[in-house]
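Quick note: residue numbers are just sequence positions, from 1. Both ligands and their constituent atoms are indexed starting at 1 by order of listing.
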Amino acid sequence: MPTHKILFAASEAHPLIKTGGLGDVAGSLPIALQAQRQEVCLIMPAYHDLIIRAGKLTRIHPMLAGFPKGVRLLEGTLPNSKIKLWLVDAPDYFNRPGNPYLNPQGTDWPDNAQRFALFSRVVAAVAMNKAGLAWQPDIVHCNDWQCGLIPALLSLEATRPATVFTVHNLAYQGLFPAETFAALNLPASLWTTDSLEFYGQVSFIKGGLAHADMISTVSPTYAQEIRTPAYGCGLEGLLNHRAERLTGILNGADYTQWDPQHDTLIPYHYNAQSLQNKAANKAALQTRVGLPVAADIPVFAIISRLVEQKGIDLLLGSLPELLHHKIQFIMLGNGEPRLESAFSTLAAQHPTQVATQIGFNEELAHLIESGADLFVMPSLFEPCGLNQIYSLRYGTVPIVRRTGGLADTVVDATAETLKNRTATGIVFNEATPPALLTAFERALALYQKPALWQQVVGTGMKQDFSWKHSAKKYLAVYEQAIAWKEKDTKM
Ligand code: ADP
Ligand code: GLC
């Protein structure tokens, strides 16, 4: 593959700032692309908390022409990597502590449209080599609605780089009232139904979906699902119209961080031959969350944003029945207050069986992966999902609904897949509490057959979802994007 100059734009990247899987992807895919001999620069907003974690930063340009006073670029390096990092420093927009998207009350920052429009305009200026960096990418890889305006803005440039827009979650669209458009300093020509207008509102994600040379999403199954009304969030028509530009590439796992053989955040390292150390982590986990230490009681766990997407209502609907069995359940997550309090109530009612940890805690997430026996992801939809992929590597058997990336990564334990030794977890279909309960009961039946259980654990631990395969697929998408751009700009 030829070497390309790639500008990778994202609104979060681990370990600088992370609210979910996008952070994992943006913190690891650029490194995987660099390993494929690509020249990759990561560009992000300079959030308050990010600047604190970013280490040494240099101001590379005194002021950006055409932007509000005080908007500058900072240069550094993505920690633990050789990836060049550019930060869009705009204190009025990004210099606030906490979550990149939400205020301390948990609702969207009221100026999110202005914040991510400004970010996108600066990225477009960098992409057009108008930011004093003496560097122009061949490819701009944009992620999610926060970067949706970048392909739209670049579509207006005759000598632009090719653009790729990756959808990590179609349900988050960046929709704002029509009046907002005037405040965003965007070219008036983008206010059409072929571009940013979506049923009378401004849609940031449409900028990416309508204008990018190639669109990708994070699993092959989700790439098909979003072309249907059930999953398309009203954008299925546009996605079908652009179907030849749409593809699905499964996320990879960063096994330098998520592998129990060398995970620095867990007490005991292990692999498939030393599962007694997984049992030691289980005891450490039970102690940590205040549950009785008991080797023989299966521990179910979930680590999740507590939002409707994740099927939390299914889980809450089936847990009272599951708790009739001799099991323990651990929940780490935060999100909708009604869901947080439902878990807190459950823990109060079942103090020896349920532990609820409200909040975001990277270290505890690793301990849970290493110590639990089963990991639950009953999502209503799941573009890819990373925790089930991590769970496989940690020998923590995933129980997932057959949707999106969950369907693409977990092989259901049936008579046949147990016989041919391909089973890695439990997969269920219907998004109902009884269907989830049946899946739980199938999992418990399997757990009670130690030889089969060990086999499923072992098969899961052998799965390889490393980034290398997926990074190569992105390189092919970049070639396609370049070819489309050349075709379209000739017309
Ligand atoms: P999504 O991006 O939809 O939230 P993914 O499964 O792709 O779902 O990725 C979630 C990532 O965020 C994983 O790395 C997971 O461990 C992490 N995560 C989610 N909630 C928490 C939490 N409360 N504490 C720590 N890590 C969390
Ligand atoms: C989104 C999706 C999740 C995916 C992640 C990273 O947050 O909800 O399924 O794994 O992005 O692509």
Less than 3.5 Å apart, any donor N or O on the side chain of T19 or E12 sitting next to an acceptor on the other?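 The criterion, which ignores hydrogens and geometry beyond distance, is satisfied for E12 and T19.
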May I ask you to check whether T459 and T424 show a side-chain donor-acceptor distance below 3.5 Å?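 Not at all, the side chains of T459 and T424 share no donor-acceptor pair under 3.5 Å.
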For [atom], find the nearest protein heavy atom and state the residue, atom name and distance (0.1 Å precision).
atom                   : answer
atom 9 (O) of ligand 2 : E382 OE2, 2.5 Å
atom 4 (C) of ligand 2 : G385 N, 3.7 Å
atom 5 (P) of ligand 1 : L386 N, 3.6 Å
atom 8 (O) of ligand 2 : Q309 NE2, 3.2 Å

Counting neighbours of NZ on K18 that are heavy atoms of other residues, nucleotides or ligands and sit closer than 6.0 Å, is the number greater than 12?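 Correct, the count exceeds 12.
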Can you confirm whether R37 is buried at CZ, in the sense that more than 12 heavy atoms of other residues, nucleotides or ligands lie under 6.0 Å from that atom? no
Is it true that [X] and [Y] make a salt bridge, defined as a side-chain N closer than 4.0 Å to a carboxylate O?
X    : Y    : result
D412 : R442 : yes
K310 : E336 : no
D213 : K485 : no

With no hydrogens and no angle check, is any side-chain donor or acceptor of H269 less than 3.5 Å from a backbone partner on D263?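 Yes, H269 side chain to D263 backbone: donor-acceptor pair under 3.5 Å.
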Would you mind listing which atoms of ligand 1 come within a distance below 4.0 Å of any non-hydrogen atom of Y390?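 Listed by number with element: 14 (O).
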Between Y394 and H366, how do the two ring planes meet: parallel, tilted or perpendicular, split at 30° and 60°?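 It falls in the perpendicular class, over 60°.
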Mark the output for C384 as yes if a heavy-atom distance to ligand 1 is under 4.0 Å, and as no if none is.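 Contact absent.
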Is there a heavy atom in G359 that sits closer than 4.0 Å to ligand 1?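 Judged by the 4.0 Å heavy-atom criterion, G359 does count as contacting ligand 1.
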Quick look: D24 vs ligand 2, heavy-atom contacts under 4.0 Å, and the answer is neither
Of the backbone atoms (N, CA, C, O) and the side-chain heavy atoms from C-beta on, which set of N169 has a member under 4.0 Å from an atom of ligand 2: side chain, backbone, both, or neither?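 Side chain only.
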If you take the nearest heavy atom of each of [options], which one is closest to [atom]?
atom                    : options               : answer
atom 20 (N) of ligand 1 : G333, G20, S304, G21  : S304
atom 27 (C) of ligand 1 : W258, Y172, F360      : F360
atom 4 (O) of ligand 1  : Q388, R305, M377, H14 : R305
atom 1 (P) of ligand 1  : K310, H168, Q309      : K310
atom 12 (O) of ligand 2 : M377, E12, H168, R305 : H168

Region of N361 that comes within reach of ligand 1 [heavy atoms, distance under 4.0 Å]: backbone
Give the atoms of ligand 2, by number and element, whose distance to some non-hydrogen atom of G21 is under 4.0 Å.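 Result: 5 (C), 6 (C).
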Answer yes or no for R402 and F428: cation-pi contact, defined as NZ/CZ to six-membered ring centre under 6.0 Å and angle to ring axis within 45°. no
